[in-house]
Amino acid sequence: MFLVSVLALQSQQLTATELSLGPAAVIAHRTFVGAELGLAHRPSGESRLALALAGGTIAERPAARAQLTLQLLVNAAARRGLGLYAGVGGAFTARRGAPGQGFLAVLLGCEAAPGRRQGLYAELGFAGGVRIAAGWRSRWFPSWWQ
């Protein structure tokens, strides 16, 4: 009976919904600095679709950024240690008094204990400049995931 329940749990996909919050910056000719709110969904144990929305300033003018990435996760169910991930997608920046700009976005990241309900994360990538983001991430897993 124990073996059957273990096999049943292994056959279920570990899905999750995530919320993240933290500072973000894009270092470029005109540097963006602000706060970022992220919403993500893990449709399977190995991938995540993430939307990051940020508000801040570029050259002392109000600005906003949006970034949508598809990410590949390594160690997504780990309850201890680090989980690594890489992503690719697109980003858009808008600043008062200037036309918006779109960019290809690529990133590498790591997160603490990605199989737990919350943890810290850090990202480094390129999206119109060198992008750095870090913060706190909260996760909601299916009820069978303890």
Side-chain angles (χ1 to χ4, degrees), residues 6 8-146:
V6 169
L9 284 176
Q10 287 180 346
S11 69
Q12 293 177 338
Q13 291 288 334
L14 179 59
T15 62
T17 301
E18 302 176 338
L19 175 70
S20 49
L21 182 63
V26 177
I27 302 164
H29 177 67
R30 291 197 162 99
T31 297
F32 171 87
V33 177
E36 185 173 84
L37 174 69
L39 302 169
H41 180 67
R42 294 188 201 173
S44 71
E46 297 83 29
S47 64
R48 171 171 46 217
L49 184 59
L51 174 65
L53 303 172
T57 61
I58 296 176
E60 299 181 9
R61 291 185 181 164
R65 286 184 47 85
Q67 180 171 291
L68 182 65
T69 55
L70 178 59
Q71 301 172 0
L72 175 63
L73 310 174
V74 179
N75 274 348
R79 294 177 195 240
R80 287 182 288 173
L82 293 178
L84 302 175
Y85 56 94
V88 63
F92 181 80
T93 300
R95 173 175 70 114
R96 173 170 264 146
Q101 293 180 301
F103 304 99
L104 173 66
V106 293
L107 65 90
L108 293 173
C110 66
E111 55 191 332
R116 290 191 170 251
R117 301 217 180 266
Q118 56 185 330
L120 300 175
Y121 73 94
E123 294 179 355
L124 177 64
F126 298 99
V130 176
R131 179 179 170 273
I132 302 166
W136 170 80
R137 185 169 284 152
S138 182
R139 304 174 188 95
W140 291 269
F141 293 104
S143 59
W144 59 266
W145 184 254
Q146 301 293 326

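In this structure, OG in Ser20 is found 9.0 Å from CH2 in Trp136, a value given to the nearest 0.5 Å. The CG atom of Leu82 sits 9.0 Å away from atom CG of Asn75, with the distance rounded to the nearest 0.5 Å. Separation of atoms CG (Leu39) and OG1 (Thr17) is listed at 9.5 Å; rounding is to 0.5 Å. Expressed to the nearest 0.5 Å, how far CD of Glu111 lies from CD of Gln118 amounts to 13.0 Å. Interatomic distance, Leu73 CG to Arg48 CZ, rounded to the nearest 0.5 Å: 4.5 Å. Separating the CZ atom in Arg131 from the CD atom in Gln67 is a distance of 4.0 Å, to the nearest 0.5 Å.
In this structure, a donor-acceptor pair under 3.5 Å is present between the side chains of Thr69 and Gln71.
Taking every heavy atom of both residues into account, Leu14 and Pro142 meet most closely at CD1-CD, 4.2 Å. Annotation for Gly100 and Phe92: closest pair CA-CZ, 3.7 Å, computed over non-hydrogen atoms. Contact record, Gln13 with Ser44: OE1-CB, 3.4 Å, taken as the closest heavy-atom pair. Considering all non-hydrogen atoms of both residues, Cys110 and Tyr85 come closest at N-CE2, 3.7 Å. The heavy-atom pair separating Glu36 from Ala24 by the smallest distance is OE2-CB, 3.7 Å. Closest approach of Ala28 and Gly128 over heavy atoms only: CB-O, 3.3 Å.
For the pair Leu104/Val88, a side-chain contact is recorded, criterion being any heavy-atom separation below 4.5 Å from C-beta on.
With hydrogens and angles disregarded, no donor-acceptor distance shorter than 3.5 Å links the side chain of His41 to the backbone of Glu18. Without hydrogens or angle criteria, Arg139 side chain to Arg116 main chain gives a donor-acceptor distance under 3.5 Å. Although no hydrogens or angles enter the test, the distance criterion places a donor-acceptor pair under 3.5 Å between the side chain of Arg42 and the main chain of Ala76.
The environment of Phe126 atom CZ is sparse: at most 12 non-hydrogen atoms of other residues, nucleotides or ligands sit within 6.0 angstrom.
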Determine, step by step, whether Leu108 and Leu84 satisfy the side-chain contact (heavy atoms from CB on, under 4.5 Å) criterion, reporting the C-alpha distance in whole Å, the side-chain angles of both residues, the deciding distance to 0.1 Å, and the verdict. CA-CA 8 Å; Leu108 293 173; Leu84 302 175; over 6 Å; no
Going through the distances and angles, do Thr31 and Thr57 end up as a side-chain contact (heavy atoms from CB on, under 4.5 Å)? CA-CA 8 Å; Thr31 297; Thr57 61; over 6 Å; no
